Amino acid sequence: PVIDARPEPAVHRRTLAVGLVLSTSLVAFEVTSVLTALPTISDELDGDSLYGATLAAYMLANLVGLVAAGEQADRHGPRRPFIVCIAIFVVGLILAGVANDMIVVLLGRVVQGTGAGGLAPITFALIGKVWPADGRATILAWVSAGWVLPSLIAPGLAGWITNEIDWR
């Protein structure tokens, strides 16, 4: 007899739930931390004239990422676009973190926004696909809770790190 060594669907859902909450928390930490550090970044890089553009560019790129990732997830499934979005997000973090000019920070924020924007539609598509209807409210609550801790901790932590160490 052939023994099926694949984990049960509940194990898959738990693992996926952890990944979805962690990716949501990653974006939440980034968003709230950068909003705290951006005035210092702008001051140090003489980029006051690009401060507003840096915020707006992130939001616009977020919308582009949302649409593009949603389309790719519909065409190819959620796995590859999810991984690509995380990678794009991390590249944007690195780009902005090594910037010596506010224009490079702005470009990094565009890249970050594109990656971050793509995570939300994929998260919700996965929830709709993987969780039974009677379990979706619980996972949606957990994913939403992924914003709570970062919203409480990240601004203070980012402010302390920015003042005591460096914004990078």
Side-chain angles (χ1 to χ4, degrees), residues 19-128 139-168:
L20 295 177
V21 171
L22 286 176
S23 65
T24 300
S25 296
L26 174 70
V27 170
F29 265 107
E30 182 270 338
V31 167
T32 53
S33 295
V34 170
L35 289 175
T36 302
L38 195 56
T40 301
I41 297 168
S42 179
D43 285 346
E44 285 188 17
L45 299 179
D46 295 322
D48 289 342
S49 64
L50 293 175
Y51 182 87
T54 302
L55 295 171
Y58 179 89
M59 295 305 295
L60 289 172
N62 202 282
L63 291 172
V64 170
L66 187 145
V67 172
E71 178 190 7
Q72 290 302 307
D74 286 346
R75 287 181 183 217
H76 305 291
R79 176 177 279 181
R80 184 173 54 174
F82 191 83
I83 292 168
V84 168
C85 286
I86 292 285
I88 290 170
F89 180 75
V90 169
V91 167
L93 287 172
I94 293 167
L95 181 61
V98 301
N100 288 322
D101 185 271
M102 194 65 176
I103 290 178
V104 178
V105 172
L106 183 129
L107 292 173
R109 296 290 291 153
V110 167
V111 175
Q112 289 170 27
T114 304
L119 295 175
I122 296 170
T123 295
F124 296 123
L126 282 166
I127 289 170
I139 185 60
L140 287 168
W142 277 106
V143 169
S144 296
W147 276 89
V148 174
L149 191 60
S151 297
L152 295 172
I153 294 174
L157 183 60
W160 181 83
I161 290 171
T162 300
N163 286 333
E164 298 299 321
I165 302 170
D166 190 25
W167 62 267
R168 294 177 197 280

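Quantities reported herein were computed from a predicted structural model and do not represent experimental measurements.
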Would you say [X]'s side chain and [Y]'s backbone share a donor-acceptor pair under 3.5 angstrom?
X	Y	result
Thr54	Leu106	no
Arg109	Gly92	no
Thr162	Trp167	no

For [X], all residues meeting side-chain contact (heavy atoms from CB on, under 4.5 Å), sequence neighbours excluded:
X	result
Ala28	Trp147, Pro150
Leu60	none
Asp101	Ile103, Val104

How close do [X] and [Y] get, counting heavy atoms only, and between which atoms?
X	Y	answer
Ser23	Leu20	OG-O, 3.0 Å
Ala158	Thr36	CB-CB, 4.0 Å
Tyr51	Ser42	CD1-CB, 3.9 Å

Who passes side chain to side chain donor-acceptor pair (under 3.5 Å) against Gln72, sequence neighbours left out?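 Gln72: side chain to side chain donor-acceptor pair (under 3.5 Å) contacts with His76.
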
Approximate separation, where rounding is to 0.5 Å, of [X] [atom1] and [Y] [atom2]:
X	Y	atom1	atom2	answer
Thr24	Phe29	OG1	CZ	12.5 Å
Leu63	Thr114	CG	OG1	10.0 Å
Leu26	Leu22	CG	CG	8.5 Å

Those residues at least two apart in sequence (or on a different chain) that pass salt bridge (charged side-chain N to carboxylate O under 4.0 Å, His left out) with Glu44 are none

Contacts satisfying salt bridge (Lys or Arg N to Asp or Glu O under 4.0 Å) that involve residues 68-79 (not counting sequence neighbours) are Glu71-Arg75

